[in-house]
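Lettering follows sequence order; numbering is per chain, from 1.
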Amino acid sequence: MVPGLRQFTDRTGEVAGVPVLDTDNGEEMKYVQPGVAIVIANRSPESPGTLYISSRKVVWLSDVDRQKGYAVDFLALSLHAVSRDPESFPSPCIYTQIETEADDDESDKSDSECQETLDLSKVTEMRLVPSDPNQLDTLFQIFCECAELNPEPIEEDEGFGGGNWVFSADQLADNGSDVEAPEWFSPNPTSSIGHSNGDHDIARTVLELQINDQRFEDAEEMERENENSPHN
Amino acid sequence: MLFFSYFKDLVGREVTVELKNDLAIRGTLHSVDQYLNIKLENTRVVDQDKYPHMLSVRNCFIRGSVVRYVQLPPDGVDVDLLHDATRREARGG
(Lines give C-alpha, C1' and ligand atoms only; values in the text may rest on other atoms or scores of the structure.)
Protein backbone atom coordinates (compact mmCIF):
# COMPACT_ATOMS: atom_id res chain seq x y z
CA MET A 1 0.00 0.00 0.00
CA VAL A 2 1.33 3.44 -0.89
CA PRO A 3 1.81 5.91 1.93
CA GLY A 4 -0.57 8.85 2.09
CA LEU A 5 0.48 12.42 2.63
CA ARG A 6 4.06 12.90 3.80
CA GLN A 7 6.62 15.58 4.61
CA PHE A 8 8.72 16.57 1.64
CA THR A 9 11.91 18.57 2.11
CA ASP A 10 14.02 17.24 -0.73
CA ARG A 11 14.74 20.43 -2.65
CA THR A 12 17.44 21.55 -4.98
CA GLY A 13 18.43 24.97 -6.29
CA GLU A 14 18.60 28.53 -5.06
CA VAL A 15 16.08 30.49 -3.01
CA ALA A 16 13.00 28.32 -2.53
CA GLY A 17 14.31 25.69 -4.91
CA VAL A 18 12.43 22.93 -6.68
CA PRO A 19 11.58 19.40 -5.57
CA VAL A 20 14.03 16.65 -6.38
CA LEU A 21 12.38 14.09 -8.63
CA ASP A 22 13.26 10.50 -9.32
CA THR A 23 14.28 11.26 -12.89
CA ASP A 24 16.41 8.14 -13.11
CA ASN A 25 13.21 6.15 -12.96
CA GLY A 26 11.34 8.27 -15.44
CA GLU A 27 9.66 10.76 -13.16
CA GLU A 28 9.22 14.13 -14.85
CA MET A 29 7.75 17.49 -13.97
CA LYS A 30 4.40 18.08 -15.63
CA TYR A 31 3.21 21.37 -14.26
CA VAL A 32 4.28 24.10 -11.88
CA GLN A 33 1.81 26.51 -10.34
CA PRO A 34 3.10 29.31 -8.13
CA GLY A 35 0.83 31.06 -5.66
CA VAL A 36 -0.97 28.08 -4.20
CA ALA A 37 -2.01 27.64 -0.59
CA ILE A 38 -2.43 24.18 0.91
CA VAL A 39 -5.06 23.12 3.43
CA ILE A 40 -4.43 19.81 5.12
CA ALA A 41 -7.42 18.15 6.74
CA ASN A 42 -9.15 20.93 8.66
CA ARG A 43 -6.05 22.90 9.52
CA SER A 44 -5.69 26.52 8.54
CA PRO A 45 -4.24 27.30 5.10
CA GLU A 46 -0.48 27.35 4.68
CA SER A 47 0.99 29.81 2.21
CA PRO A 48 2.65 31.12 0.22
CA GLY A 49 3.72 28.08 -1.70
CA THR A 50 4.22 26.54 -5.09
CA LEU A 51 2.51 23.46 -6.44
CA TYR A 52 4.56 20.98 -8.43
CA ILE A 53 2.83 18.21 -10.32
CA SER A 54 5.09 15.44 -11.53
CA SER A 55 4.22 12.33 -13.48
CA ARG A 56 4.11 10.51 -10.17
CA LYS A 57 3.16 12.81 -7.34
CA VAL A 58 1.83 16.15 -6.16
CA VAL A 59 4.30 18.28 -4.23
CA TRP A 60 3.65 21.52 -2.41
CA LEU A 61 6.64 23.53 -1.23
CA SER A 62 6.58 26.57 0.99
CA ASP A 63 8.11 29.61 -0.69
CA VAL A 64 9.58 30.88 2.57
CA ASP A 65 10.53 27.85 4.62
CA ARG A 66 12.75 25.31 2.90
CA GLN A 67 11.94 22.78 5.59
CA LYS A 68 8.25 22.91 4.87
CA GLY A 69 6.76 20.84 2.11
CA TYR A 70 4.32 18.01 1.48
CA ALA A 71 3.95 15.32 -1.13
CA VAL A 72 1.40 12.69 -2.03
CA ASP A 73 1.62 10.06 -4.77
CA PHE A 74 -1.08 9.91 -7.40
CA LEU A 75 -1.47 6.27 -6.40
CA ALA A 76 -2.85 7.48 -3.07
CA LEU A 77 -5.19 10.12 -4.46
CA SER A 78 -8.55 8.43 -4.59
CA LEU A 79 -10.50 11.41 -5.81
CA HIS A 80 -9.97 14.96 -6.97
CA ALA A 81 -12.46 17.62 -7.82
CA VAL A 82 -12.98 21.32 -8.37
CA SER A 83 -14.77 22.86 -5.40
CA ARG A 84 -16.33 26.28 -5.92
CA ASP A 85 -19.05 26.52 -3.31
CA PRO A 86 -18.11 29.20 -0.74
CA GLU A 87 -20.30 27.48 1.83
CA SER A 88 -18.16 24.38 1.95
CA PHE A 89 -14.86 26.21 1.63
CA PRO A 90 -14.25 29.97 1.45
CA SER A 91 -12.04 29.86 -1.64
CA PRO A 92 -12.43 27.88 -4.85
CA CYS A 93 -9.98 25.01 -4.71
CA ILE A 94 -8.90 21.61 -5.89
CA TYR A 95 -10.33 19.18 -3.38
CA THR A 96 -8.63 15.80 -2.99
CA GLN A 97 -9.25 12.70 -0.97
CA ILE A 98 -6.29 10.62 0.07
CA GLU A 99 -6.40 6.90 0.59
CA THR A 100 -4.83 5.99 3.90
CA GLU A 101 -4.03 2.76 5.62
CA ALA A 102 -6.23 3.78 8.51
CA ASP A 103 -9.30 4.41 6.38
CA ASP A 104 -11.55 2.32 8.58
CA ASP A 105 -10.12 3.59 11.80
CA GLU A 106 -12.57 6.13 13.21
CA SER A 107 -10.45 6.76 16.28
CA ASP A 108 -8.00 8.97 14.41
CA LYS A 109 -10.67 11.61 13.84
CA SER A 110 -9.99 13.23 17.18
CA ASP A 111 -6.25 13.26 16.56
CA SER A 112 -6.54 15.19 13.35
CA GLU A 113 -8.24 18.03 15.14
CA CYS A 114 -5.21 18.52 17.26
CA GLN A 115 -2.77 20.43 15.11
CA GLU A 116 0.33 19.58 17.08
CA THR A 117 0.13 15.84 16.74
CA LEU A 118 -1.30 15.59 13.26
CA ASP A 119 -0.14 12.37 11.68
CA LEU A 120 0.22 13.18 8.00
CA SER A 121 -0.15 9.58 6.95
CA LYS A 122 -3.70 9.60 8.32
CA VAL A 123 -4.82 12.74 6.54
CA THR A 124 -7.68 11.95 4.18
CA GLU A 125 -8.39 15.39 2.75
CA MET A 126 -6.24 18.03 1.13
CA ARG A 127 -7.22 21.27 -0.58
CA LEU A 128 -5.07 23.25 -2.95
CA VAL A 129 -6.09 26.88 -3.28
CA PRO A 130 -4.62 28.79 -6.23
CA SER A 131 -4.56 32.55 -5.83
CA ASP A 132 -6.22 32.79 -9.25
CA PRO A 133 -9.38 30.63 -9.41
CA ASN A 134 -9.20 30.65 -13.22
CA GLN A 135 -6.41 28.09 -12.92
CA LEU A 136 -8.67 25.49 -11.37
CA ASP A 137 -9.86 23.88 -14.59
CA THR A 138 -6.33 23.56 -15.92
CA LEU A 139 -5.14 22.08 -12.64
CA PHE A 140 -8.04 19.64 -12.61
CA GLN A 141 -7.12 18.54 -16.12
CA ILE A 142 -3.45 18.06 -15.22
CA PHE A 143 -4.48 16.03 -12.18
CA CYS A 144 -6.62 13.80 -14.41
CA GLU A 145 -3.83 13.26 -16.92
CA CYS A 146 -1.27 12.42 -14.27
CA ALA A 147 -3.64 10.13 -12.40
CA GLU A 148 -4.01 8.15 -15.61
CA LEU A 149 -0.24 7.82 -15.81
CA ASN A 150 -0.34 5.95 -12.51
CA PRO A 151 -2.43 2.81 -12.81
CA GLU A 152 -2.50 0.32 -9.99
CA PRO A 153 0.68 -1.78 -10.05
CA ILE A 154 -0.06 -5.32 -11.12
CA GLU A 155 0.31 -7.66 -8.20
CA GLU A 156 2.57 -10.51 -9.10
CA ASP A 157 1.16 -12.93 -6.61
CA GLU A 158 2.02 -16.40 -7.78
CA GLY A 159 1.36 -17.96 -4.41
CA PHE A 160 -2.00 -19.44 -5.32
CA GLY A 161 -1.07 -22.88 -6.58
CA GLY A 162 1.25 -21.26 -9.09
CA GLY A 163 -1.68 -20.58 -11.38
CA ASN A 164 -1.85 -17.24 -13.09
CA TRP A 165 -5.55 -16.90 -12.54
CA VAL A 166 -5.75 -13.15 -12.73
CA PHE A 167 -5.38 -11.68 -16.20
CA SER A 168 -2.27 -9.61 -16.41
CA ALA A 169 -2.26 -6.43 -18.43
CA ASP A 170 -0.32 -7.84 -21.36
CA GLN A 171 -2.63 -10.80 -21.64
CA LEU A 172 -5.51 -8.42 -21.87
CA ALA A 173 -3.63 -6.35 -24.39
CA ASP A 174 -3.41 -9.39 -26.64
CA ASN A 175 -7.05 -8.95 -27.41
CA GLY A 176 -6.11 -5.77 -29.14
CA SER A 177 -9.25 -5.59 -31.18
CA ASP A 178 -11.40 -5.38 -28.09
CA VAL A 179 -9.66 -2.27 -26.85
CA GLU A 180 -10.93 0.24 -29.34
CA ALA A 181 -14.60 -0.22 -30.02
CA PRO A 182 -17.21 -1.99 -27.98
CA GLU A 183 -16.99 -5.01 -30.23
CA TRP A 184 -18.71 -7.14 -27.67
CA PHE A 185 -21.76 -5.19 -28.61
CA SER A 186 -22.15 -7.18 -31.81
CA PRO A 187 -20.57 -10.53 -31.19
CA ASN A 188 -19.16 -12.30 -34.18
CA PRO A 189 -21.89 -14.83 -34.95
CA THR A 190 -19.52 -17.52 -36.15
CA SER A 191 -17.76 -17.67 -32.82
CA SER A 192 -20.84 -17.69 -30.65
CA ILE A 193 -22.05 -20.86 -29.09
CA GLY A 194 -25.34 -21.94 -30.52
CA HIS A 195 -25.07 -19.64 -33.52
CA SER A 196 -24.96 -20.70 -37.09
CA ASN A 197 -24.67 -18.39 -40.02
CA GLY A 198 -25.57 -21.09 -42.51
CA ASP A 199 -22.09 -21.90 -43.73
CA HIS A 200 -21.23 -23.91 -40.71
CA ASP A 201 -22.62 -27.17 -39.60
CA ILE A 202 -23.49 -26.38 -36.03
CA ALA A 203 -23.22 -30.00 -34.92
CA ARG A 204 -19.70 -30.19 -36.22
CA THR A 205 -18.73 -26.97 -34.50
CA VAL A 206 -19.98 -28.29 -31.20
CA LEU A 207 -18.19 -31.58 -31.76
CA GLU A 208 -14.93 -29.76 -32.46
CA LEU A 209 -15.35 -27.77 -29.31
CA GLN A 210 -15.85 -30.91 -27.29
CA ILE A 211 -12.84 -32.65 -28.71
CA ASN A 212 -10.30 -29.89 -29.04
CA ASP A 213 -11.10 -27.47 -26.37
CA GLN A 214 -9.02 -27.73 -23.25
CA ARG A 215 -11.48 -25.67 -21.33
CA PHE A 216 -13.83 -28.60 -21.28
CA GLU A 217 -11.28 -30.83 -19.67
CA ASP A 218 -11.59 -31.83 -16.10
CA ALA A 219 -10.10 -29.24 -13.79
CA GLU A 220 -8.10 -31.79 -11.79
CA GLU A 221 -6.58 -33.23 -14.92
CA MET A 222 -5.48 -29.79 -15.96
CA GLU A 223 -3.82 -29.22 -12.66
CA ARG A 224 -1.84 -32.42 -12.89
CA GLU A 225 -0.82 -31.54 -16.41
CA ASN A 226 0.43 -28.20 -15.23
CA GLU A 227 2.54 -29.77 -12.55
CA ASN A 228 4.21 -32.16 -14.94
CA SER A 229 4.81 -29.80 -17.80
CA PRO A 230 3.95 -26.23 -17.15
CA HIS A 231 2.96 -24.71 -20.44
CA ASN A 232 1.56 -21.38 -19.42
CA MET B 1 -11.48 -4.60 -21.32
CA LEU B 2 -15.06 -5.77 -21.34
CA PHE B 3 -16.09 -3.44 -18.56
CA PHE B 4 -14.15 -0.58 -20.07
CA SER B 5 -16.18 -1.01 -23.25
CA TYR B 6 -19.34 -1.42 -21.28
CA PHE B 7 -18.84 1.72 -19.22
CA LYS B 8 -17.85 3.72 -22.29
CA ASP B 9 -21.26 2.89 -23.59
CA LEU B 10 -22.84 4.44 -20.50
CA VAL B 11 -21.20 7.84 -20.97
CA GLY B 12 -23.79 10.55 -20.54
CA ARG B 13 -25.95 8.43 -18.23
CA GLU B 14 -26.61 8.92 -14.52
CA VAL B 15 -24.67 6.54 -12.33
CA THR B 16 -23.85 6.28 -8.65
CA VAL B 17 -20.26 5.47 -7.80
CA GLU B 18 -19.73 3.97 -4.39
CA LEU B 19 -16.20 4.23 -3.04
CA LYS B 20 -14.45 1.82 -0.74
CA ASN B 21 -14.55 4.50 1.96
CA ASP B 22 -18.38 4.39 1.78
CA LEU B 23 -18.72 7.72 0.03
CA ALA B 24 -21.33 7.45 -2.73
CA ILE B 25 -21.40 10.03 -5.49
CA ARG B 26 -24.15 10.34 -8.04
CA GLY B 27 -23.53 12.10 -11.30
CA THR B 28 -23.44 12.02 -15.05
CA LEU B 29 -20.76 9.71 -16.37
CA HIS B 30 -18.42 12.00 -18.31
CA SER B 31 -15.71 9.52 -19.21
CA VAL B 32 -13.97 6.35 -18.21
CA ASP B 33 -10.53 5.04 -19.10
CA GLN B 34 -8.97 1.61 -19.37
CA TYR B 35 -8.15 1.57 -15.66
CA LEU B 36 -11.80 2.30 -14.90
CA ASN B 37 -10.95 5.72 -13.58
CA ILE B 38 -14.24 7.56 -13.66
CA LYS B 39 -15.04 11.20 -14.33
CA LEU B 40 -18.43 12.45 -13.18
CA GLU B 41 -20.20 15.71 -13.87
CA ASN B 42 -23.06 17.44 -12.05
CA THR B 43 -22.26 15.34 -9.03
CA ARG B 44 -24.02 15.17 -5.75
CA VAL B 45 -23.19 13.17 -2.69
CA VAL B 46 -25.81 10.64 -1.77
CA ASP B 47 -25.32 10.88 1.98
CA GLN B 48 -25.03 14.65 2.31
CA ASP B 49 -25.19 14.72 6.09
CA LYS B 50 -22.10 12.59 6.38
CA TYR B 51 -20.09 14.37 3.70
CA PRO B 52 -21.23 18.01 3.73
CA HIS B 53 -17.98 19.32 2.24
CA MET B 54 -18.52 17.35 -0.95
CA LEU B 55 -21.72 19.27 -1.68
CA SER B 56 -19.93 21.91 -3.65
CA VAL B 57 -18.16 19.58 -6.01
CA ARG B 58 -19.58 19.68 -9.50
CA ASN B 59 -17.20 17.47 -11.38
CA CYS B 60 -14.78 14.95 -10.06
CA PHE B 61 -12.26 12.31 -10.98
CA ILE B 62 -12.40 9.03 -9.11
CA ARG B 63 -9.52 6.60 -9.15
CA GLY B 64 -10.62 3.22 -10.49
CA SER B 65 -8.98 1.28 -7.70
CA VAL B 66 -11.06 2.94 -4.98
CA VAL B 67 -14.42 2.17 -6.57
CA ARG B 68 -16.43 -0.49 -4.81
CA TYR B 69 -19.63 -0.45 -6.86
CA VAL B 70 -21.11 1.45 -9.76
CA GLN B 71 -24.87 1.58 -9.69
CA LEU B 72 -26.23 1.65 -13.20
CA PRO B 73 -29.45 2.96 -14.70
CA PRO B 74 -31.72 -0.10 -15.00
CA ASP B 75 -32.27 0.44 -18.71
CA GLY B 76 -28.51 0.65 -19.22
CA VAL B 77 -28.22 -3.01 -18.35
CA ASP B 78 -28.90 -5.40 -21.22
CA VAL B 79 -28.56 -8.75 -19.51
CA ASP B 80 -28.49 -10.79 -22.71
CA LEU B 81 -25.85 -8.60 -24.26
CA LEU B 82 -23.70 -8.84 -21.15
CA HIS B 83 -24.12 -12.61 -21.03
CA ASP B 84 -22.87 -12.85 -24.58
CA ALA B 85 -20.02 -10.45 -23.99
CA THR B 86 -18.80 -12.13 -20.82
CA ARG B 87 -18.88 -15.53 -22.51
CA ARG B 88 -16.82 -14.15 -25.33
CA GLU B 89 -14.38 -12.57 -22.91
CA ALA B 90 -14.02 -15.81 -20.98
CA ARG B 91 -13.18 -17.62 -24.20
CA GLY B 92 -10.49 -15.07 -24.90
CA GLY B 93 -12.30 -13.14 -27.61
**Atom group of B/Leu19 that falls short of 4.5 Å from chain A, counting heavy atoms** = side chain

**Prompt:** Where does B/Asn59 contact chain A at under 4.5 Å (heavy atoms): side chain, backbone, both or neither?
**Reply:** both

**Message:** Nearest 0.5 angstrom please: A/Gln97 CD to B/Ile62 CD1, how far?
**Reply:** 9.0 Å

**Fill in**
If one checks every heavy atom of A/Phe140 against chain B at 4.5 Å, the contacting part turns out to be side chain

**Complete:** The reported gap from CG in B/Leu23 to CG in A/Leu79 (rounded to nearest 0.5 angstrom) is 7.0 Å

**Asked** Can you say whether A/Leu75 sits under 4.5 Å from chain B via the side chain, the backbone, both, or neither, judging by heavy atoms?
**Response** both

**Asked** Of all residues at least two apart in sequence or in a different chain, which pass the side-chain contact (heavy atoms from CB on, under 4.5 Å) check with A/Pro151?
**Response** B/Tyr35

**Request:** With a 4.5 Å heavy-atom cut-off (strictly below), which parts of residues 63-77 of chain B touch chain A? List them by number.
**Result:** B/Arg63, B/Ser65, B/Val66

